[in-house]
Amino acid sequence: METSSGKGSGMDPVANTTSFDVVIIGAGIVGAAAFRELCKYDLKVLLLDSLHDVGGDASRANSAILHGGFDPQPGTLMSIFNKQGVQLWFQWAQDLSIDVEWTGSLVLAFNDADIAEITRLYHNGKKVRVPVKFLGRDETLKREPVVNPEVRASLYAPVSGIIDPFQAVIGLVGNGLKNGGQLMLDTEVTNLRKSPDGYITVQTNHGELRTKVVVNAAGLNAHHIMHMAGEDWFSIHPRRGQYFILDKNVSNLVRHVVFRAPTPKGKGVLVSRTTHGNLLIGPTAEDLTEPDRRTTAEGLAEVLEGAKHLVPFPYERYAIAQYAGLRAIGSVDDFVVQHSKTMEGLVNAAGIKSPGLTAAPGIAQELVKLVADLLPLEEKKNFDPYFEFPPILRELPFAEREKLINEDPAYGHMVCRCELVTEGEIKSVLKMQPAASDLDGIKRRVRATAGRCQGGFCTPRIIDILSRELNLSYDQITKFGRNSKLIYGDNRRGDE
């Protein structure tokens, strides 16, 4: 196993070989899942991404829920892979130490149109054989007493839940690396070219790679990869969703994931707990022509209005952060998971919008089948299906905490008071694979800077740790790679 990265990590950007059996473009949830599944076989597999860390785009800015499978139109890939994905997440979460809670979901109806919609969803669920139950007003309020008392009915799906999407990507990639896969970050694909010997040449900002198969899981950029292969029948546009994160002291407001009956643009604003103990409300559904990840006053006001209609509550009093994520909306109303129509050896997984996080395991297994059309696959005899994250002190019994601190006193040095993260935990994720190398990478792995003060207390201390452990000057440390510097210049050097 070897992990490689670009600027800021101190590592050579090119892995220990430039010739592979499979190159996967995109280290989001779908690419990460495909990486893990393909590393079960005797293949040279490379996962690459243009960003500074895995799971750096849609996989880090979404609703963090596992959908029950009743919403997609029966017979579509979205429906098929949603159902498969839910079933697989039960085992994958255990194997890869990923936090999942099967809370169940409620889709609320407030008028005749909503009732017609949840009735349609009920019949969808029955067609695809996922558990759903139609609840009247009294049953709905008994199950979730805080919802708007104007509710008339709801659709209950017990096999729905919440997941830590950061853990999911990191665990999948970490397991692939553990089983011999390779990773390259800060690596942008600029062209694909079919060679006479049957290989595909992948041109990147760090030089050329040669591979027998390319798996295109590039998210918002998947259509650009397709266009490089002359496949211009498909396009993607971004759909922005804005969210609020609320303080942990209101996390128990709801027990389920609570939705409004969906519209053609999506499932609308939801109210949900997170596996981290916060409350989440959002998203909006704003179609854009260009990627724009900024939150807006109008969008956040829409989130508040939608959430208050579902569950009346003064959310703005407890908001600690807001963010926006982009979904890849394809020009066909389904996932595209198939061989390229123009370049043999290219396999596309494009237009993976909601329920993409839920469906990722099912999509990954389908991608393995498509790769098997192109390459002989032989299972590894020594494949290890498990992944363990470094220990989280706050989750351990006191005796184990004391033992860990005695072994490494850095575990006794508190850095993030809101989330109770120690220096030892931060150091551990700088060494794990895939490793953190910036502020956001640490946040996604151990929650430092994710609490009530949003890094106001701990950021300077984390900068110190990053500088010391990675041998970087302060002005080389970033929030999330590239030009996201936290400090410009160092007055100790006399910089101006």
Side-chain angles (χ1 to χ4, degrees), residues 2-20 22-32 34-35 44-61 169 173 176-177 181-195 199-211 213-232 234-238 290-293 325-326 328 340 343 345-352 434-438 440-441 476 478-485:
E2 180 169 332
T3 306
S4 300
S5 184
K7 295 178 180 179
S9 70
M11 289 188 261
D12 190 318
V14 180
N16 59 11
T17 178
T18 57
S19 183
F20 298 91
V22 183
V23 169
I24 303 168
I25 303 172
I29 188 64
V30 172
F35 181 59
K44 292 181 180 178
V45 184
L46 172 70
L47 176 66
L48 61 82
D49 198 280
S50 63
L51 298 177
H52 198 59
D53 197 1
V54 300
D57 202 345
S59 297
R60 71 182 174 107
V169 175
V173 174
L177 295 173
Q182 297 184 59
L183 173 66
M184 290 176 64
L185 298 171
D186 287 323
T187 302
E188 183 176 353
V189 175
T190 56
N191 199 17
L192 299 178
R193 185 177 69 253
K194 187 76 173 181
S195 301
Y199 277 76
I200 297 175
T201 298
V202 182
Q203 184 69 46
T204 79
N205 57 327
H206 294 307
E208 292 186 347
L209 305 167
R210 281 167 44 82
T211 183
V213 176
V214 171
V215 173
N216 171 20
L220 282 168
N221 294 313
H223 64 307
H224 295 312
I225 303 299
M226 295 170 74
H227 294 173
M228 291 175 191
E231 199 163 4
D232 56 6
F234 182 77
S235 63
I236 288 172
H237 74 267
E290 296 293 333
D292 185 346
R293 295 171 178 83
L326 299 179
S340 168
M343 180 179 285
L346 173 63
V347 176
N348 293 310
I352 311 298
S437 59
D438 55 28
D440 278 3
Q476 288 180 296
T478 63
K479 185 177 186 297
F480 186 53
R482 297 187 179 177
N483 296 318
S484 60
K485 290 185 176 183

- Message: Working note: Leu46 + Ile24, criterion side-chain contact (heavy atoms from CB on, under 4.5 Å); need CA distance, chi angles, decisive distance, verdict.
- Response: CA-CA 6 Å; Leu46 172 70; Ile24 303 168; over 6 Å; no
- Validation row: Val202, Thr211 side chains within 4.5 angstrom (heavy atoms): yes
Any side-chain to backbone donor/acceptor pair from Asn205 onto Asp186? Under 3.5 Å, distance only.
yes
Gln182 and Phe20 have their tightest heavy-atom pair at NE2-CE2, 3.6 Å
Shortest non-hydrogen pair, Asn216 vs Ala222, comes out as ND2-O, 2.9 Å
Note to self: Given 3.5 Å as the limit, does a donor-acceptor pair link the side chain of Thr204 with the main chain of Gly207, or not?
What the structure shows: yes
For Ala435 and Asp53 the tightest heavy-atom approach is O-OD1, 4.3 Å
Judged by atom type as modelled, is there a donor-acceptor pair below 3.5 Å linking the side chain of His223 to the main-chain atoms of His237? no
State, yes or no, whether a side-chain contact exists between Leu185 and Leu48 at a heavy-atom distance under 4.5 Å. no
Correct closest heavy-atom pair for Gly55 and Arg60 would be O-CB, 3.2 Å
Task: Ala350 backbone acceptor or donor facing Asn348 side chain under 3.5 Å - done: no
Heavy-atom nearest pair, Asp49 first then Gly28, reads OD2-N, 4.3 Å
Those residues at least two apart in sequence (or on a different chain) that pass ring-ring contact (aromatic ring centres under 6.0 Å, His included) with His224 are none
When every non-hydrogen atom of Val173 is compared with those of Ala32, the smallest separation belongs to CG2-CB, 3.6 Å
* Measure from the side-chain N and O atoms of Ser59 to the backbone N and O of Ile29, and report whether any donor-acceptor pair falls under 3.5 Å. => yes
Residues at least two apart in sequence or cross-chain that pass side chain to side chain contact (heavy atoms under 4.5 Å, CB included) with Ala61, listed by chain then number, are Tyr323
Whether Arg193 engages the ring of Tyr199 as a cation-pi pair (distance to the six-membered ring centre under 6.0 angstrom, angle to the ring normal within 45°) should be assessed.
no
How about Val215 and Val22: do any of their side-chain heavy atoms sit closer than 4.5 Å? yes
Taken to the nearest 0.5 Å, the spacing of Asn221 CG from Asp57 CG works out to 8.0 Å
Check: Less than 4.5 Å apart, any side-chain heavy atom of Leu220 and any of Ile236?
Finding: yes
For the side chain of Thr190 and the backbone of Gln203, is there at least one donor-acceptor N/O pair under 3.5 Å apart?
yes
